[in-house]
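Letters go in sequence order (proteins before strands), and every chain restarts at 1. Here the structure is a predicted model, which is why all the values come from computation and not from measurement.
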2 protein chains.
Amino acid sequence: MSVDVDAIDHSLLRLLRQDGRRTYSEMAEKVGLSVAAVKRRVDRLREIGVITGFTVEIDHAKLGWGIEAFTELRYLGTTGVEEIVRSASMLPEVQAVFTVAGESDALIWLRVRDMAHLKQGIDHLRRTGNVTGTKTMMILGSWIRD
Amino acid sequence: MSVDVDAIDHSLLRLLRQDGRRTYSEMAEKVGLSVAAVKRRVDRLREIGVITGFTVEIDHAKLGWGIEAFTELRYLGTTGVEEIVRSASMLPEVQAVFTVAGESDALIWLRVRDMAHLKQGIDHLRRTGNVTGTKTMMILGSWIRD
DNA sequence: TTTGAAATGTTCGCGGT
DNA sequence: ACCGCGAACATTTCAAA
């Protein structure tokens, strides 16, 4: 399932990670190709599925959702992975769901307005699906690549 | 530190989360404003720090980095939070670092090519900084909002 | 806030390597 | 298969109302 992506493609991906709205002209200048060549390469990276989309990065604290936490969930042995993701992702407070192998079955990334809101979110998770136990870590700070 | 962001701003943020390369014209049509008004709003969201940037979403498995894991790290009590982030973020395998309150001090999101590579990454983390213990969860699947 | 016009960027066909 | 060129089309940007 791996694909051929050369050094220039990697440069383009790096440039787009730094700024997803960069123009083709700007990228063309940086990698030393024509504008059309750059567009064709980016189009191809989308077609073969290396690029799955573009998005905006938001400071949620500025929007009043300044508290983040990870909650590890354990489910009944009969609960399928798909079911875990489906039930957890319904909560608007859930930013991401990772199904994992280890003591826990899932790791949930929560984003909330305050502690009361967090409590409510965790309670909701415990009630939805067949949750048998939770363990929550408050996020003090985070660093994300690029 | 919270700011005033109205319903139209939220619509624009939602549209940009779905596709960060949407044109102002397209957004203008969807929210019922002129193109210039939309541009001014997006510019303002950047200025006040709600929008911190734009980026591309990549399928890393297609690039041959198909294994992901979370590693919980415990550090010596003398280790500062800044030091934890600084040492961990140096590894290219580290996708994100979350400093947390709880049993562990940090939660590291790793992305690697294979199991040998994962082992090497965790070993490196254990050696860098004052790590006193680790616990790793392999990621089986993930769902991320939008 | 909108309008309007110039500058800039995107898209695609075609010919060349 | 990949590139560059050029022309048509679309978007961005900003000044003025």
Side-chain angles (χ1 to χ4, degrees), chain A residues 1-65 144-146, chain B residues 1-66 92 111 113 144-146:
Chain A
M1 254 306 151
S2 205
V3 282
D4 59 23
V5 174
D6 68 14
I8 294 180
D9 290 327
H10 274 104
S11 299
L12 294 175
L13 290 173
R14 187 170 40 76
L15 289 169
L16 286 173
R17 276 183 73 147
Q18 289 163 7
D19 180 2
R21 279 184 85 96
R22 247 184 245 275
T23 63
Y24 293 126
S25 343
E26 189 184 343
M27 292 187 275
E29 196 177 1
K30 299 226 185 221
V31 303
L33 284 182
S34 70
V35 172
V38 168
K39 181 187 186 296
R40 281 191 291 258
R41 277 171 179 265
V42 173
D43 285 348
R44 178 175 160 275
L45 288 171
R46 297 196 72 152
E47 272 162 26
I48 64 182
V50 168
I51 290 178
T52 58
F54 293 89
T55 194
V56 63
E57 293 167 322
I58 295 171
D59 180 350
H60 289 84
K62 287 257 168 66
L63 296 177
W65 292 56
I144 295 176
R145 185 165 296 279
D146 280 1
Chain B
M1 251 307 151
S2 205
V3 282
D4 59 20
V5 174
D6 67 15
I8 293 179
D9 290 327
H10 274 103
S11 298
L12 294 175
L13 291 173
R14 186 170 41 76
L15 289 170
L16 286 173
R17 276 184 75 148
Q18 289 163 7
D19 179 2
R21 277 185 87 97
R22 243 184 248 275
T23 63
Y24 293 126
S25 347
E26 188 184 343
M27 292 187 276
E29 196 178 0
K30 299 225 184 220
V31 303
L33 284 182
S34 70
V35 172
V38 168
K39 180 185 187 296
R40 245 177 326 92
R41 278 170 181 267
V42 173
D43 285 347
R44 177 175 161 276
L45 288 171
R46 297 196 72 152
E47 272 162 25
I48 63 182
V50 168
I51 290 178
T52 59
F54 292 89
T55 195
V56 63
E57 292 167 323
I58 294 171
D59 181 349
H60 289 86
K62 287 255 167 68
L63 295 177
W65 293 56
R111 181 142 41 216
R113 286 184 293 264
I144 295 174
R145 186 164 295 280
D146 281 0

Asks: Would you name the heavy atoms of B/Val56 and A/Leu13 that are closest together and state the gap between them?
Replies: CG1-O, 4.1 Å
Asks: Looking at D/dA1, I'd like to know if its phosphate oxygens (OP1 or OP2) sit under 4.0 Å from a side-chain N or O belonging to A/Arg44.
Replies: no
Asks: Going by salt bridge (charged side-chain N to carboxylate O under 4.0 Å, His left out), name the residues that satisfy it together with A/Arg41, two or more places apart in sequence or in a different chain.
Replies: A/Asp6, A/Asp9
Asks: What is the distance, to the nearest angstrom, from the CD1 atom on A/Ile8 to the C1' atom on D/dC3?
Replies: 11 Å
Asks: Please report the distance, rounded to the nearest Å, between NZ in A/Lys39 and C1' in C/dG13.
Replies: 13 Å
Asks: Check the phosphate of D/dC2 against A/Arg40, side-chain N and O only, distance under 4.0 Å to OP1 or OP2. Yes or no?
Replies: no
Asks: Do you know which two heavy atoms are closest between B/Gln18 and B/Asp146, and how far apart they sit?
Replies: N-OD2, 4.5 Å
Asks: When you measure from the side chain of A/Arg21 to the backbone N and O of B/Arg22, does any donor-acceptor pair fall under 3.5 Å?
Replies: yes
Asks: Taking only heavy atoms on the protein side, list every residue of residues 19-38 of chain A lying under 4.0 Å from any atom of DNA chain C, sorted numerically.
Replies: A/Thr23, A/Tyr24, A/Ser25, A/Val35, A/Ala36
Asks: State, to 0.1 Å, how close B/Thr52 and A/Ile58 come at their nearest heavy-atom pair, and which atoms those are.
Replies: OG1-N, 4.1 Å
Asks: Donor-acceptor pair, B/Arg111 side chain versus B/His60 backbone, under 3.5 Å?
Replies: no
